[in-house]
Number of protein chains: 2
Amino acid sequence: MSIKVMLVDDQQLMRDGIKMLLDLETDIELIAEAGDGHEAVRLYQECAPDVVLMDIEMPGMNGIDATRQIKTLDAGAKVMVLTTFGQQEYLSNALLAGAQGFLLKAVSAEELSQSIRKISQGKAVLDSQSTEMLMESYRALSENNETNVKPFLTVREEQILKLLAKNTSNRDIADKLALAKGTVKNYVTQILEKLQAPDRYQAVRVAKEQKLID
Amino acid sequence: MSIKVMLVDDQQLMRDGIKMLLDLETDIELIAEAGDGHEAVRLYQECAPDVVLMDIEMPGMNGIDATRQIKTLDAGAKVMVLTTFGQQEYLSNALLAGAQGFLLKAVSAEELSQSIRKISQGKAVLDSQSTEMLMESYRALSENNETNVKPFLTVREEQILKLLAKNTSNRDIADKLALAKGTVKNYVTQILEKLQAPDRYQAVRVAKEQKLID
DNA sequence: ATATTCGCAAGTCATATGACCCGCGGCACT
DNA sequence: AGTGCCGCGGGTCATATGACTTGCGAATAT
């Protein structure tokens, strides 16, 4: 049983070239072609290909939006984005749209067919350059991620956290510290955010775990 | 010129196995072996290998810390982490420690030697399963990342941004809007954060690009 | 002419406030 | 009993303030 592939690209020449390459592979069958996003979505429903090769820059609907729509229609769809330019933004958008694969058109024919086989088995596919970019982005994001950088509370926040641990109401905390009730609520919200807790009770639990109090 | 590889793993058997595999490759030369992190760091400086194959779970210093140290000594070091278990945490830590490669020991001999060649050329290497995990993590992080969800300004912020665009000083903005100077500064800071700009001038530039003003 | 100091603009951070929303329990009206 | 309204606690958000830091240029001292 050969792998059924749909090819989406606005350039006829590119489509023809890829068609030629895939013709050489006995286990890969090109069953549909589309020239823009709308056509791609329509044809996907009609042909149910195993793998979609998706260009990004296209007139009408672009490849990212098309990918999103196809993934909405069929969460199991396997979409490999295939693009000339490896901007970080393209990669990011492709992944967020749900693509499992992302290749630059600079890849060799051999690499393309191997990648099609991989993605058809449900594996994720990324070329080296994009892997590098993704790693970089991941590092940058991790470092910025507030869950990593905000575990510590200010003096006021700690005061209030201690009262929370004694099950004190906002009203009572406000009286004790001579603050407006709204102010206390605000601090509680801050604490919840910093401790990644959904409410005051969980916050106290987390704080105890992390030895911030008691 | 063959690729000089250092192998770090606490299990003798694993080292011997990999040695055998690499012996079959004429362009890959195993020049050093270490059984824990400390030895790895020491030997790295002595032997200056092109590529380090690094296990994670080891007695004494683990592979993650060793990777971090090696990358501190030599930012251009090429470290490929090679591990039995593909936990998300291992992958994340390896990347944050600076590894360019991450492979599960489930890979084939063929894949290992190909990966060594790739990483020696400065390319990033990830096996399919880890690629999948990294994509997932990236998606999760991106969604939580406040830089993506906060492009919009409040009424006050917009007011102030417009004045910034006219090159107004904090003092003058404060007078015009009947606010304390500190308040204005605070709004400016918020705007900078939301627009991802380092200062007021860049903020205005970004705002114009994104059609938020003018 | 150079070094020092002073002041100011910009920016960061903790603090503070109230408007608003949501869910829930009690209470009145039917 | 059912329905609807009220009050209240909890939580989020925009707003507001001033203490503190830093970089820079102008004034002053050497």
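Just so we're on the same page: letters track the sequence lines, and every chain starts at 1.
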Query raised in the report: Under a 4.5 Å cut-off applied to non-hydrogen side-chain atoms, are Asp50(B) and Lys78(B) in contact?
Result: no
Query raised in the report: Which of the following nucleotides, dT15(C), dT17(D), dT15(D), is nearest to the side chain of Val155(B)?
Result: dT15(D)
Query raised in the report: Rounding to a whole Å, what distance do you find between Leu153(A):CG and dT15(C):P?
Result: 10 Å
**Report entry** Euclidean distance, atom CG of residue Leu192(B) to atom C1' of dC13(C) [Å, nearest integer]
**Finding:** 14 Å
Report task. Could you tell me whether Arg171(A) contacts a base, only the sugar-phosphate backbone, or nothing, with contacts defined as non-hydrogen atoms closer than 4.0 Å? Result -> nothing
Query raised in the report: Are side-chain heavy atoms of Lys123(A) and Ile119(A) found at a separation under 4.5 Å?
Result: no
Query raised in the report: Under 4.0 Å: is that the gap between some side-chain N or O of Thr154(B) and OP1 or OP2 of dT15(D)?
Result: yes
Query raised in the report: For Arg156(A) and dA19(D), what is the distance between atoms CZ and P respectively, to the nearest whole Å?
Result: 16 Å
Requested in this report: Report yes or no: does Ser120(A) contribute a side-chain atom to a donor-acceptor pair with the main-chain N or O of Ile3(A) at less than 3.5 Å?
Outcome: no
Report summary line: Whole-Å distance, Lys181(A) NZ to dG11(D) P, equals 12 Å
Query raised in the report: Want to settle it: does Lys185(A) or Leu179(A) sit nearer the 5' end of DNA chain C, counting the closest nucleotide to each?
Result: Leu179(A)
Query - Nearest-Å distance for atom pair NZ/P, residues Lys194(A) and dC13(C) - result: 11 Å
Query raised in the report: So, the side chain of Arg15(B) versus the backbone of Leu7(B): is there a donor-acceptor pair under 3.5 Å, distance only?
Result: no
Report summary line: note: Asp199(A), atom CG; dC22(C), atom C1'; distance rounded to Å ~ 14 Å
Query raised in the report: Would you say a side-chain N or O of Thr189(A) is under 4.0 Å from OP1 or OP2 of dT12(D)?
Result: yes
Requested in this report: Before giving the answer on side chain to side chain contact (heavy atoms under 4.5 Å, CB included), spell out for Leu103(A) and Val81(A) the whole-Å C-alpha distance, their side-chain angles and the decisive distance to 0.1 Å.
Outcome: CA-CA 6 Å; Leu103(A) 290 182; Val81(A) 169; over 6 Å; no
Report task. Indicate, yes or no, whether a donor-acceptor pair under 3.5 Å links the base of dT12(C) to the side chain of Asn186(B). Result -> no
Query raised in the report: For dG9(D), does OP1 or OP2 lie under 4.0 Å from any side-chain N or O of Asn170(A)?
Result: no
Report summary line: Of dG18(C), dT15(D), dG11(C), the nucleotide closest to the side chain of Ala180(A) is dG18(C)
Query raised in the report: Between atom CD in Gln190(B) and atom C1' in dA16(D), what is the gap in whole Å?
Result: 11 Å
**Report entry** Between P of dC13(C) and CD of Glu193(A), the distance in whole Å
**Finding:** 15 Å
